[in-house]
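Only one structure is covered here, and it is reproduced in the block below.
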Amino acid sequence: MKGILGKKLGMTQVFDPETGEVTPVTVIEAGPCPVVRVKTVESDGYEAVQLAFDAVAEARVTKARLGQLGKAGPHRRLAEFRGPSELTPGESVTVEAFEPGEHVKVSGTGIGKGFAGTIKRHNFSRGPVSHGSHNIRKPGSIGASATPSRVFKGIRMAGRMGGKRVTQVGLTVHEVDPERNLLLVKGAVPGPKNGYVEVREDKGRGRA
Amino acid sequence: MNRVIDSLEQRQLRSDLPPFKAGDSVRVHFQVIEGQRRRVQVFEGIVIKRQGAGVRETFTVRKQSFGVGVERTFPLHSPKIERIEVTAIGDVNRAKLYYLRGKVGKRARVRAKRGVALPVMETPAPTESDMPPEDATGPETDAEPVTAEEPAEEPEAAVEEPAAEPEAEPVPE
């Protein structure tokens, strides 16, 4: 599994100098990510690679995490990418692992929306706004009466929305800038600006 | 904005466009790609707005075409824009001239500023001589300075890019 950790810097657009076509891109500052550990079937029961990202001062990292990071040194982020890999600890993954045109999926923590009502959170319809209606953004019925005398579990209601891990699939690498460790991905990726993201190769949906 | 994104955009910005603002009359020479062929189309009218910043900036040109108002929005830094000619500087008091949409005929004009030099592009394109005369939409009384300047630009432009000749057939809509 090919993957890299990065930081979403924001979005912009890129012109194709030939056709003048505009491509909306997200700029991700990714890597270099030192390989912290390689998990194997023999030792762990599955294959995976652990990558670190965003080097910081030692004081910023707990001692437990420092032990995990080992020789890679203190970093803010540590993530595991499942799947077979030829990497060895001590190596580094850079944006050069990706090339333009490649399909990727990007995971990150989505922007938190706070306590949201059912219209925003679950795409409910709103009620009528006129004719004396008091049911403009209310959820409506949440169940029957005496039978069952309770609200079923899992009924969609208002509550915390967003701020959870989201994976956007079907994205394409538009440009790679190894000098500045930049990945330009076509389309939007989850999370706020300066949010951490994980970029993985996307082999889904019949892609080789 | 983020410094990295800023530098990415900076790289794509065009510096060869004349300064213009809402109210100015412009001729936009825009490349149209039809299959393999590319030709230059001219869209002439009044700029009714400029919007956005950096590489994402766009401007909208409005003209009357056979009595119907036509607006077209161009990305300012698009490589498809061959060049922009400013034919008149408008004297307006707004940044967005949406009020022109509700007006027809004489009322839909923008007064031209008097005694102001028109901005000239640094790199004149080769298609200048092939421009067919178009019926002007805005008041073009102050457009004489430009027509006076044009002949001076033509010869060197023709020498510069003879290869660009096949595409020099602008078809006004």
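Below, each value reflects all heavy atoms present in this structure, side chains not excepted, and no hydrogens, waters or symmetry copies. All chains are named by letter (A, B, ...) in the order of the sequence lines, taking the proteins before the strands, and each is independently numbered beginning at 1.
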If you count heavy atoms of other groups shown closer than 6.0 angstrom to [atom1] of [X], is the number above 12?
X: B/Arg94; atom1: CZ; result: no
X: B/Arg14; atom1: CZ; result: yes
X: A/Glu58; atom1: CD; result: no
X: A/Lys138; atom1: NZ; result: no
X: A/Arg137; atom1: CZ; result: no

At a heavy-atom separation under 4.5 Å, does A/Val25 approach chain B through its side chain, its backbone, both, or neither?
neither

Sort A/Glu175 into side chain, backbone, both or neither according to what part of it lies under 4.5 angstrom from a heavy atom of chain B.
side chain

Closest non-hydrogen atom pair, [X] against [Y]:
X: A/Arg180; Y: B/Arg11; value: NH2-NH1, 4.3 Å
X: B/Pro79; Y: A/Pro17; value: CB-O, 3.9 Å
X: B/Ser78; Y: A/Gly20; value: OG-O, 4.3 Å

Could you check whether any side-chain N or O of B/Gln12 sits under 3.5 Å from a backbone N or O of A/Gln13, counting only pairs where one atom can act as donor and the other as acceptor?
yes

Distance-only check: which donor-acceptor pairs under 3.5 Å involve side-chain atoms of residues 59-72 of chain A, not counting sequence neighbours?
| unit_1 | atom_1 | unit_2 | atom_2 | d |
| --- | --- | --- | --- | --- |
| A/Thr62 | OG1 | A/Arg65 | N | 3.2 |
| A/Arg65 | NE | A/Gln68 | OE1 | 3.1 |

Atom pair [atom1] ([X]) and [atom2] ([Y]), whose distance is rounded to the nearest 0.5 Å:
X: B/Leu13; Y: A/Phe15; atom1: CG; atom2: CZ; answer: 9.5 Å
X: A/Leu9; Y: B/Arg3; atom1: CG; atom2: CZ; answer: 10.5 Å
X: B/Ser7; Y: A/Asp177; atom1: OG; atom2: CG; answer: 8.5 Å
X: A/Thr12; Y: B/Asp6; atom1: OG1; atom2: CG; answer: 9.0 Å

Is there a side-chain contact between A/Val27 and B/Asn2 in this structure, where contact means two heavy atoms from C-beta onward sitting under 4.5 Å apart?
no

Check: residues 31-39 of chain A side-chain donor-acceptor pairs under 3.5 Å, at least two apart:
| unit_1 | atom_1 | unit_2 | atom_2 | d |
| --- | --- | --- | --- | --- |
| A/Arg37 | NH2 | A/Asp44 | OD1 | 2.6 |
| A/Arg37 | NH2 | A/Asp44 | OD2 | 3.4 |
| A/Lys39 | NZ | A/Tyr46 | OH | 2.8 |
| A/Lys39 | NZ | A/Glu80 | OE1 | 3.0 |

